[in-house]
K.L.:
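Before we start, here is the structure in question, set down as structure tokens.
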Amino acid sequence: MTTNEPVAESSAASWREQAVARSLDSARVRAENRVQRFIDAAFELLIDSEPGKDFTVQDVVEKSGQSLRSFYQYFGGKQELLLALFEESVRSTADELRGRIKDEKKPLDRLHRFVIEYYAVCRPTPKGKGKKKAPLALAEFAQQLMTAHPHEATRAFAPLVSLFDEVLDEAVAAGAVRRDLSRRRIAGVVLEAIMFNAFSTTISGSAREPGGRDPAEELWDLLVHGIGS
């Protein structure tokens, strides 16, 4: 996936909101539907494409059943579409995680559940198995986004970081997590460790052994207890 198209200056509005705002208020619902169709088409292309294979704006237009003219009415180019797609993915993930952890009563249990559930969300799903998702492709885009457009990346991750901050603050207040750590820094380290877990076996040259520990629990153990004896 490429990020070589120019990106507009950042603003308080998300890329999705900016796309919809380009239309008249009287046509907002229709604009929302059209933008969503482009985003859904791009997501399906990410899922169906082979690793390393890119898609074009024309592919998205054809997949969505809309026109090229309509695409450029809402997006300045492919980069803006990918930003909208990534923002929506992060936002929906945060909403899903909030629902999964809400029944945990103890702050540390909520933090634990957050790590385990987010790990499950980020874990690659082999084609033809389970719910469709494209974490690897989005993780690759996230890497490029953080390198080339850090301000846009910060804005995109805001819903997830906000939820993690909330859960972490509760754990700190309960005395389950050290108070002397930079909470925002910890949020970045933990979310990064979880999100890019798919690349860990490539880096280390290892794979999960049959009957071995759950890798999500291993990561949690590392985050909570470190590597000291």
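Note: hydrogens, waters and symmetry copies are ignored here, and every other heavy atom, side chains too, is used.
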K.L.:
Under 3.5 Å, side chain of E104 to main-chain N/O of R113, donor-acceptor pair present?
P.N.:
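No; zero donor-acceptor contacts below 3.5 Å.
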
K.L.:
Donor-acceptor check, side chain of S162 to backbone of A158, threshold 3.5 angstrom: yes or no?
P.N.:
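Looks like no, no N/O pair under 3.5 Å.
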
K.L.:
side-chain contact (heavy atoms from CB on, under 4.5 Å) with A84: which residues, sequence neighbours excluded?
P.N.:
W15, R16, I39, F75

K.L.:
Any side-chain heavy-atom pair from Y119 and E218 closer than 4.5 angstrom?
P.N.:
no

K.L.:
Would you confirm whether S89, through its side chain, and L85, through its main-chain N or O, come within 3.5 Å as a donor-acceptor pair?
P.N.:
no

K.L.:
With sequence neighbours excluded, give me every ring pair (Phe, Tyr, Trp, His ring centres under 6.0 Å) pair touching residues 90-113.
P.N.:
H112-W220

K.L.:
Mind checking what makes side-chain contact (heavy atoms from CB on, under 4.5 Å) contact with S67, not counting sequence neighbours?
P.N.:
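Residues passing side-chain contact (heavy atoms from CB on, under 4.5 Å) with S67: R69, S70.
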
K.L.:
Are the charged groups of R91 and E87 less than 4.0 angstrom apart, N to O?
P.N.:
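No, R91 and E87 are not salt-bridged.
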
K.L.:
So, does R37 use its side chain to make a donor-acceptor pair with the main chain of S64 at under 3.5 Å?
P.N.:
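Looks like yes, one N/O pair under 3.5 Å.
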
K.L.:
Quick one, R185 and V189 - any side-chain contact, counting heavy atoms below 4.5 Å?
P.N.:
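When only atoms from C-beta onward are counted, V189 and R185 do touch, with a gap below 4.5 Å.
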
K.L.:
Using a strict cut-off of less than 4.0 Å between a Lys/Arg side-chain nitrogen and an Asp/Glu carboxylate oxygen, indicate whether D165 and R183 qualify as a salt bridge.
P.N.:
no

K.L.:
Whether the side chain of K78 engages the backbone of F55 through a donor-acceptor N/O pair (distance < 3.5 Å, no angle test) should be reported.
P.N.:
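Side chain of K78 to backbone of F55: a pair is present.
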
K.L.:
Classify the ring geometry between Y74 and F38 as parallel (under 30°), tilted (30 to 60°) or perpendicular (over 60°).
P.N.:
tilted

